[in-house]
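Order of the sequence lines sets the chain letters (A, B, ...), proteins ahead of strands, with each chain counted from 1. Below, each value reflects all heavy atoms present in this structure, side chains not excepted, and no hydrogens, waters or symmetry copies. Computed from a prediction, not measured in an experiment: that's the story for all the values here.
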There are 2 protein chains.
Amino acid sequence: MWVMAERATRTRQRRADGDRTRAAILDAAVRLSTVDGLEGLSIGNLAKDLGMSKGGVYAHFDSKQDLQLATVEAAGVIFRSEVIEPALTADPGVPQLLAFCDGFFDHLERRVFPGGCFFAGAALEMGTHRGPVQEKVAEFHSGFVQLIRDVVRTAVQLRQLPPDEDPAALALELNGTLLAADTSFVMYDDPSVLDLGRRVVRRRLGLAVTRRDETPEESENPQ
Amino acid sequence: MWVMAERATRTRQRRADGDRTRAAILDAAVRLSTVDGLEGLSIGNLAKDLGMSKGGVYAHFDSKQDLQLATVEAAGVIFRSEVIEPALTADPGVPQLLAFCDGFFDHLERRVFPGGCFFAGAALEMGTHRGPVQEKVAEFHSGFVQLIRDVVRTAVQLRQLPPDEDPAALALELNGTLLAADTSFVMYDDPSVLDLGRRVVRRRLGLAVTRRDETPEESENPQ
DNA sequence: CCTACCGATCGGTAGG
DNA sequence: CCTACCGATCGGTAGG
């Protein structure tokens, strides 16, 4: 009896170690791939970063593509927990839209990913290389855009936005502002573009923008 | 006398051949790098694509970085002639802003670069790799953004846009819409997102958006 | 999870 | 503009 228990414990322990190692590999893979890209990520570099051998990495992933797929998955888990889920606790409609965007700017500023938004980079890099990895990135991207569209639709129903507001159009605008801010932030390493992004989003959602040099009233379009 | 003339002709001919080869290399380099990235671009692949040897490529470029710098330069010349310069023939202010954006959407649709906007990809890829290449990409990027800001300022002066319009904010919004459209276009290979982008830009610039299912009057914000 | 190895390709050079 | 080569690294495998 104790033999079986002992063996079960050992198996559980070993699996737990394996899972921890796998998680550590993926954590490093997500980090490195936001800097070097999903293609630029190499098993050799990854192993060196972790202080282990290439064979050790291959014990957890059958191929580079397998590693890339798991890396996209792991990045999605991080993005969901760091950006999407916190924003979903805000009130439905415009407050949630604002929370998505602010959460995005914040995750850049906190450098959740050292090379900027994982999915912005992955989308442009893998968009030209059709295959399972591109499909997984596209799936996440379209899910995020669809989520924004749904919340815009809710905001319209709640009369927080005008009835003719096109959800797809506003989703493109908001997503675009996030992408442009990410690009400038990565390029110039300057957080001031994130403040500009925050102001743009507030104005577009019809919210007051407080700046030192103007009163909220002046924000109204006088035409 | 004829010897010098002969030699000059030969030299000119040889230089012309060399220039033509160099231009052909850069044309292929721009094309390949929008698909594989500026780092993913390899001298071997480039030579194979051109049907020449690696040594032939190294006869024109001292190093990969030298090739990358020339590739960014060549992409800039293409982007200027295909997008920026045609737009500058439009009337100053809002018409020029519209022309920049329409020109950008058109250059995607015409597949001037097979892998989408060269600079969108290059900015995200090289943003995390500081050096001469990143600086050249950043220089072009900031020049484009500055150009948009200047034209917004002109539009405000011409009273085509409200006096409180923030040039930096509108530049971020327009640039963002272009980036979001590029990302979706590359990812899903679907030109319909370009039409969505065109509508978004027109609306943001206060221009009539004609759609089958609504009159321009309905586009006004009823709040 | 390791060492030791495979063929292919990388950026780059020598010499012509 | 070519061939022939360099050391380093790539993704991946074998065997333990």
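- A tilted orientation is assigned to the rings of A:Tyr188 and B:His141, their planes being inclined by 30° to 60°.
- With respect to A:Glu135 and A:Arg130, no salt bridge is recorded, no charged nitrogen being found less than 4.0 Å from a carboxylate O.
- Here A:Arg204 pairs with A:Glu165 in a salt bridge; the nearest charged N to carboxylate O distance falls below 4.0 Å.
- Note: A:Phe140 and A:Phe119 have parallel aromatic rings, judged against thresholds of 30 and 60 degrees for the angle between ring planes.
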- In dot-bracket, 5' to 3', how would DNA chain D read with Watson-Crick or G-U wobble pairs under 3.5 Å, [ ] for crossing ones and | for pairs to another strand? ||||||||||||||||
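- Using a 4.0 Å cutoff on non-hydrogen atoms, the parts of residues 25-54 of chain A near DNA chain C are A:Met52, A:Ser53, ordered by number.
- Salt bridge annotation for A:Arg198-A:Glu109: present, with a cationic side-chain nitrogen under 4.0 angstrom from a carboxylate oxygen.
- Side-chain atoms of B:Asp66 and B:His60 form no donor-acceptor pair, as typed in the model, at a separation below 3.5 Å.
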- Item | side chain to side chain contact (heavy atoms under 4.5 Å, CB included) between A:Asp150 and A:Arg153, intermediate numbers included | CA-CA 5 Å; A:Asp150 289 344; A:Arg153 215 167 275 123; 3.1 Å; yes
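- Taking 4.0 Å as the cut-off between side-chain N and carboxylate O, A:Arg202 and A:Asp102 count as a salt-bridged pair.
- For the contact set between residues 56-67 of chain B and DNA chain C, defined by any heavy atom under 4.0 Å, the members are B:Tyr58, B:Ser63, B:Lys64.
- Salt bridge status for A:Arg31 with A:Asp49: present, with a side-chain N to carboxylate O gap under 4.0 Å.
- By the 4.0 Å N-to-carboxylate-O rule, B:Arg20 lies too far from B:Asp27 to be salt-bridged with it.
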